[in-house]
Amino acid sequence: MNHFWVVGTDTDVGKTFIVTLLMRYLQKKGFKVVPYKPVQTGIMKKNNKTYYHDTSSYLNYSLQPLSPNSINSYSFPAPASPHYAAELEGEWISGAKILNKIEQLQDEYDVVICEGAGGLYVPLQSHTSLTLLDIIQRSKLPVVLVTHPKLGTINHTLLSIGALNARGIELLGIVINQYEHSEIEKNNIQTLQRFIPHQQFVVVEGNRTIESFDEETIFERLMNRELLRTTRS
């Protein structure tokens, strides 16, 4: 299986940063790669220009041409949970539309990297119980989980892993992002490794640029042999 999700234990853990790194890494391996953010919220403004951080990162750093129509299905200006941001615009997020888009992209690309929004249980609709976790389960794709090393990460990470396990969703590995070498961060990482000793971990330091990872291969530990195969199906 060449396609997977990058999801977070919470908002602002650096999912887009990790997606962008993985995108470039796999593009350098010769794969045709597309990142896909089903729903993004929170429009930004700089120098009188408006943009969305997630898809702008994809477009700015991709080593291959990307079509804006392929990398996103829903964008809402309010920096809020997807269900509420959509409600404010009088719109409705269709789970079927997202799943159909993922299937379409799988036919067109060697690797599709789907990026979640917020945590696993972020709601997508205002009047149903549909969550991101439901979409992930229905897509039948494995997951890379992004977390942070700070206070609270042990609980959030273990709960997220439990939620994935309960749905039968394969966990490829865990990225501990924005590591700053504090003693509590070191202990948090050691504690997580003690609770889940057989899980693959990659630790990413804070204040790194996208380009600074171009010559590193640390993410190979997150990839199974099938994802790194050189024979395309």
Side-chain angles (χ1 to χ4, degrees), residues 4-28 33 35-42 44 52-58 60-62 79 111 113-122 132-133 136 141-164 169-197 199-224 227:
F4 59 97
W5 285 86
V6 173
V7 300
T9 56
D10 202 347
T11 190
D12 293 331
V13 294
K15 295 183 298 294
T16 300
F17 187 83
I18 300 305
V19 168
T20 304
L21 292 181
L22 290 170
M23 172 188 72
R24 286 170 66 93
Y25 171 79
L26 292 168
Q27 287 173 341
K28 281 178 170 286
V33 182
Y36 174 57
K37 179 84 175 187
V39 185
Q40 61 182 348
T41 64
M44 307 183 78
Y52 287 91
H53 172 263
D54 299 352
T55 49
S56 292
S57 178
Y58 304 161
N60 290 338
Y61 289 105
S62 177
V111 183
I113 307 176
C114 304
E115 181 183 348
L120 291 173
Y121 279 104
V122 65
L132 175 66
L133 186 60
I136 295 171
L141 298 182
V143 160
V144 171
L145 181 65
V146 181
T147 188
H148 62 83
K150 298 174 177 57
L151 185 64
T153 192
I154 297 170
N155 182 63
H156 292 165
T157 303
L158 295 179
L159 284 174
S160 296
I161 293 172
L164 294 170
I169 299 168
E170 180 185 1
L171 179 59
L172 295 174
I174 299 170
V175 178
I176 300 176
N177 194 31
Q178 302 166 353
Y179 176 56
E180 296 178 350
H181 297 272
S182 72
E183 290 304 313
I184 190 171
E185 290 177 336
K186 292 178 185 177
N187 187 267
N188 283 341
I189 293 172
Q190 291 169 355
T191 302
L192 283 172
Q193 291 173 327
R194 174 159 50 87
F195 272 85
I196 40 177
Q199 193 55 246
Q200 298 280 32
F201 280 86
V202 166
V203 178
V204 175
E205 295 183 340
N207 301 316
R208 294 284 300 272
T209 65
I210 294 292
E211 296 89 347
S212 71
F213 284 91
D214 281 351
E215 303 306 320
E216 294 188 23
T217 59
I218 60 174
F219 289 100
E220 287 188 357
R221 288 180 289 163
L222 290 174
M223 304 302 172
N224 58 29
L227 186 59

Residues two or more places apart in sequence or in another chain: which of them pass side chain to side chain contact (heavy atoms under 4.5 Å, CB included) with Leu132? Trp5, Val122, Ile136
Out of curiosity, Ile154 CD1 to Phe195 CZ, how far, rounded to the nearest 0.5 Å? 7.0 Å
Does Ile113 form a side chain to side chain contact (heavy atoms under 4.5 Å, CB included) with Glu115? I'd like the steps, not just the answer. CA-CA 6 Å; Ile113 307 176; Glu115 181 183 348; over 6 Å; no
Which atoms form the tightest heavy-atom contact between Ser160 and Leu120, and what is the distance? O-CD1, 3.5 Å
When rounded to the nearest 0.5 Å, the distance separating OG1 of Thr209 from CZ of Phe17 is 7.0 Å
Taking atom types as modelled, is there a side-chain donor on Ser57 or Thr20 under 3.5 Å from an acceptor on the other? yes
With sequence neighbours excluded, tell me which residues meet side chain to side chain contact (heavy atoms under 4.5 Å, CB included) with Gln190. Asn187
Using only atom types and a distance under 3.5 Å, with no angle test, would you say the side chain of Glu185 pairs donor to acceptor with the backbone of Glu180? yes
Glu205-His181 side chain donor-acceptor pair, cut-off 3.5 Å: yes
Check Pro35 against Met23 and note the closest heavy-atom contact, atom names and distance. CG-SD, 3.6 Å
Compute whether any side-chain donor of one residue and acceptor of the other, for Thr147 and Thr153, lie under 3.5 angstrom apart. yes
Under a 3.5 Å distance rule, please check whether Gln178 uses its side chain to pair with a backbone N or O of His148 as donor and acceptor. no
Taking the six-membered ring of Tyr61 as reference, does the cationic atom of Arg24 (NZ for Lys, CZ for Arg) lie under 6.0 Å from its centre and within 45° of its axis? no
Assess whether atom CG of Leu151 is packed by more than 12 heavy atoms of other residues, nucleotides or ligands within 6.0 Å. no
Quick one: do Val6 and Val175 satisfy side chain to side chain contact (heavy atoms under 4.5 Å, CB included)? Show the steps, please. CA-CA 10 Å; Val6 173; Val175 178; over 6 Å; no
